[in-house]
There are 2 protein chains.
Amino acid sequence: MPDGAEGPGAVTLHDVAREAGVSVATASRALNGSARNVRTENASRVRAAAAKLNYRPHLSAQAIARGQTRTAALVVGDVADPYFSAIAAGVTEAAEAAGLIVTMAVAGRSPERELEIIRTLRGQRPRLIAVAGSRIDGAATRAALSGELEAYRSAGGRVVMISQRDLPFDTVTIDNAGGAYQLARALAAAGYRRFALFRAPVTVRTSRDRCAGFLAGLRELGLAVEDRFVVETEFTRAGGYEAARRLAERGLDGVEVVFAVTDVMAIGAMSAFRDAGLVPGRDIGVAGFDDIDSAVDVTPALTTVAVPLREVGLTAMRVALSDDPGPVSVQTSTTVLLRESTPLRPRTR
Amino acid sequence: MPDGAEGPGAVTLHDVAREAGVSVATASRALNGSARNVRTENASRVRAAAAKLNYRPHLSAQAIARGQTRTAALVVGDVADPYFSAIAAGVTEAAEAAGLIVTMAVAGRSPERELEIIRTLRGQRPRLIAVAGSRIDGAATRAALSGELEAYRSAGGRVVMISQRDLPFDTVTIDNAGGAYQLARALAAAGYRRFALFRAPVTVRTSRDRCAGFLAGLRELGLAVEDRFVVETEFTRAGGYEAARRLAERGLDGVEVVFAVTDVMAIGAMSAFRDAGLVPGRDIGVAGFDDIDSAVDVTPALTTVAVPLREVGLTAMRVALSDDPGPVSVQTSTTVLLRESTPLRPRTR
DNA sequence: TTGAAAGCGGTACCAG
DNA sequence: CTGGTACCGCTTTCAA
């Protein structure tokens, strides 16, 4: 009985039923259905047969028969980025607690790819789709994305956006503006007056919100950032490094502290300053945003705004699994953490 | 026509066929099958209908009809750990390039959980299962795990183990012993003679291999690590911190350099030394293993053994997708990187 | 080239 | 409590 190179194929419920000497209906009931209605003896025969044959129900077949799957889909920008991986940890934790399998896709910070991914994911018919995406305004793809998600939702799916408030779906946001606002005040209170700002292109929402909050905080205190000290760069460690390198090269010219819109960028910046012969925390203050794990491991420890990323993931799942109808929006709060990278800076007035 | 709160449900191929005025068979062929055999006009009518209705094929239904899925399953110990997330990045990249959807599960370093996960995953009938698992010897669960994977394979699935050589499946290993061996020699060449070793419980293979390699490297040079300087601790940052704290507390007593079996532990150790008033790189050398991103961002930059983690993930997928039959074993090589945490240590002889 | 129909692996209703 | 059977959404013969 040649089976081809693929082997005998997987054991099916029919095999189990035959082995146990019952009908597939009974086998199905014993293994999954409301086990109540099957005679104890038969039930154990079926379980024994299943164990003997090492049977696992075909989830796709169950999905099709039951009309719903037990999977949760997650879209992230980049798994290797600690920002996303912390969120992913929260999402998977909650999903597994709810008995859902997680399928994860990486959008690589491109809106087009994100759209394509969501199209594919929709075919999975997951219970929910959580998008912790590229957070980029792409006017063209935005509408398509929204349409795709809308179609998914109207077919009974749940959508939750993480850190993207501007689409009409459930949302878990991070208080980017508020956190940056508080950071600005804290830095000012610590004695800083002359600031530089390292940010991503304006199309990146997160960056924009953090900048806006920071500037608003300063403005309220009668402070500002000179245009020439606002550096646009990539949203990565390399981007932060490059921005700091450029700044150091042309001279700090009085700048006392740099706010980089993410920790990853801030850490890159610290490295560049050091390479340029400047000591972060002494010659130049550095602050970031996110409080990723390594923020406490760099020297000096990085001042930042803590975002409860894992909890954001958990919350997103909770929202998506609740049966609350209307688009809910949950904002998670942030906390300013002043550390050694921005020591007190006593000023004579 | 009440549809319930769930909405109208997803559009099916029947809907598309009706809309296009053709049979489902034709619609199926136009959308997926070998498009050759369908009249151009019909094909475009079908595509138009599909677009109009925003149709996405039900992947589960396709899977069941075709007898195979287009998913790849990945098991990791902890997404938030940079070691695993770097591997995951490689795996997802390769999977998406091959048109596969990735489902990811987190085993949380527990062999029992890992086993349970693989059981569930098997129900998904993925094309392959990649396990970058807890790397723990659990005698009891080991057999069960192996049996589960064996059943999966004999049903036509592909299994690839990452960094676990001891099961009879395709394997991508990291040269843990060799890397640690080279590190030992490099440290000795840099002038170090008195070593401490921070390691995980012996049940953790990776830790064991790295220790063995390190000790072998020393032995060849007539060196050794005193038992009292071998500290067993947790396989985490906190574990490294704790080990270093204990060591600093009872006095370095001549120890010149610590080898912690992972960067994450090494970074925790650095932090503890610093808290104890010791300057890493000056008062005590520190070396790790993995070369995670933050290894270059800590101060002093961490001496370590670089492991091409992303590439390990890519390789694992390549192996799993190849049609090579027998259990293949690919070993990825490692590179010693001496950085400022272990400066040259001139000795008078 | 096309449509009817037989599955794929389960679930669940409906009679016994 | 149990078995027969009609689906679930899609693919793929088989005839027409």
Side-chain angles (χ1 to χ4, degrees), chain A residues 4 6 8-47 49-50 53-70 122-126 155-156, chain B residues 3-4 6 8-46 49-50 53-70 120 122-126 155-157:
Chain A
E6 289 299 291
V11 176
T12 75
L13 189 59
H14 286 79
D15 301 328
V16 174
R18 192 181 325 116
E19 174 79 22
V22 299
S23 71
V24 284
T26 299
S28 173
R29 285 186 281 250
L31 260 18
N32 313 300
S34 46
R36 303 285 159 243
N37 337 333
V38 44
R39 214 191 336 164
T40 327
E41 194 205 316
N42 274 342
S44 49
R45 291 166 64 97
V46 170
R47 275 194 298 270
L53 300 178
N54 208 344
Y55 166 77
R56 299 291 152 207
H58 194 308
L59 264 26
S60 288
Q62 287 190 321
I64 236 183
R66 299 213 247 245
Q68 61 169 323
T69 62
R70 295 206 55 86
R122 203 145 81 72
Q124 281 252 33
R125 305 289 188 274
Chain B
D3 267 309
E6 290 299 289
V11 176
T12 75
L13 189 58
H14 286 81
D15 301 329
V16 175
R18 191 180 326 115
E19 174 79 21
V22 299
S23 72
V24 284
T26 300
S28 172
R29 286 187 277 250
L31 259 19
N32 312 299
S34 47
R36 304 281 161 246
N37 337 332
V38 43
R39 214 189 339 164
T40 328
E41 194 204 316
N42 274 342
S44 49
R45 289 167 65 97
V46 171
L53 300 178
N54 207 346
Y55 166 78
R56 298 291 151 210
H58 193 306
L59 263 26
S60 287
Q62 287 190 321
I64 230 180
R66 297 213 250 245
Q68 60 169 323
T69 61
R70 292 205 58 84
T120 310
R122 204 144 79 71
Q124 280 252 31
R125 304 289 188 275

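Here is how names work: the chains are called A, B, and so on, in the same order as the sequence lines, proteins then strands, and each is numbered from 1. These numbers were taken from a predicted model, which means no experiment stands behind them.
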If I take atom [atom1] from residue [X] and atom [atom2] from residue [Y], how far apart are they, to the nearest 0.5 angstrom?
X       : Y       : atom1 : atom2 : value
B:Ser60 : A:Gln68 : OG    : CD    : 11.5 Å
A:Arg47 : A:Asn42 : CZ    : CG    : 10.5 Å
A:Arg18 : A:Leu13 : CZ    : CG    : 11.0 Å

Between the opening five pairs and the closing five pairs of the helix from C:dT1-D:dA16 to C:dG16-D:dC1, how far apart are the helix axes, to 10°?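 Comparing the first five pairs with the last five, the axes sit 40° apart.
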A:Leu31 side chain near A:Val46 side chain, heavy-atom distance below 4.5 Å: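 Counting from C-beta outward, A:Leu31 and A:Val46 do come under 4.5 Å.
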Using modelled atom types and a 3.5 Å cut-off, is there a donor and acceptor pairing between side-chain atoms of A:Thr69 and backbone atoms of A:Arg125?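 Such a contact is found between A:Thr69 side chain and A:Arg125 backbone.
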To check you understand the geometry: which heavy-atom pair defines the closest contact between B:Ala49 and B:Glu19, and what is its length?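 Where B:Ala49 meets B:Glu19 most closely, the heavy atoms are CB-CG, 3.5 Å.
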Could you report the tightest heavy-atom contact between A:Ala43 and A:Ala30, atom names first, then the distance?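 Result for this residue pair: CA-CB, 4.1 Å.
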I'd like to check the side-chain contact (heavy atoms from CB on, under 4.5 Å) partners of [X]; sequence neighbours left out, ordered by chain and number.
X        : result
A:Ser23  : A:Ala25, A:Thr26
B:Gln62  : B:Asn32, B:Pro57, B:Leu59, B:Arg66
B:Thr120 : A:Ile101

Once each nucleotide of nucleotides 8-16 of chain C is scored for protein heavy atoms under 4.0 Å, what B/S/- sequence comes out, 5' to 3'? BBBSBB---
Range on DNA chain D touched by chain B - first to last nucleotide, heavy-atom distance under 4.0 Å: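 The protein-touched segment is D:dG9 to D:dT13.
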